[in-house]
Amino acid sequence: MTLTLIDRTRCTDTAPDKGADTVLDKDVADPGAAPEETPDSAPRRAVGREADGLAVASFVLGLVGLLVFNIVLGPMAIVMALLALARHTRRRGRAFLGLALGVADLAVLAVLVTANGAVAWSIGG
């Protein structure tokens, strides 16, 4: 059995009185149609990818938050890591690292506030 793709413009030119849908055989796949999916496969994959993205984002935000803007990036990393873990991410290690780095961001913030009396780095001393 061979798969033959029919150009829609050619179909309508050869049979002007018939619609392009009636000319196409049922065995021929329509290239413009969406692929058929089972009802359960699409939402699970989308939620899994979203949870993996949350895990990676929490890790990156926690890592960047160690250096700059830790008052905002730390809590964001913690929230994203907890959301990723609640949504059963496949990247659990990355989510736990994001959670730990978010907590470390808040610890760095607490040290900065007690040492300098302000939320700022003072490299020069």
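Considering CG of Leu109 and OG1 of Thr114, their distance stands at 9.5 Å, rounded to 0.5 Å.
Applying the salt bridge (charged side-chain N to carboxylate O under 4.0 Å, His left out) test between Asp52 and each of Arg90, Arg94, Arg87 identifies Arg90 as the sole match. With Val108 as reference, Asn70 is the one residue of Asn70, Val113, Ile71 to meet the side chain to side chain contact (heavy atoms under 4.5 Å, CB included) rule.
In this structure, Met76 is a member of the same hydrophobic cluster as Val68, with clusters built from ILVMFWY side-chain heavy atoms closer than 4.5 Å.
Counting heavy atoms from C-beta outward, Leu61 and Asp105 have side chains that stay 4.5 Å or more apart.
Residues that satisfy the side-chain contact (heavy atoms from CB on, under 4.5 Å) test with Ala81, not counting sequence neighbours, are Ser58, Leu99. Under the side-chain contact (heavy atoms from CB on, under 4.5 Å) criterion, Val79 pairs with Leu83, sequence neighbours left out. Leu101 is linked by a side-chain contact (heavy atoms from CB on, under 4.5 Å) to Phe59, Leu63, Leu66, counting only residues two or more places apart in sequence or in another chain.
Closest of all the heavy-atom pairs between Gly98 and Ala77 is O-CB, 3.9 Å. Between Ala55 and Arg91, the shortest heavy-atom contact is CB-O, 3.7 Å. Across all their heavy atoms, Ala84 and Ala51 have their closest contact at CB-O, 3.5 Å.
Side-chain N or O atoms of Thr89 include none that pairs as donor or acceptor with a backbone N or O of Leu85 at under 3.5 Å.
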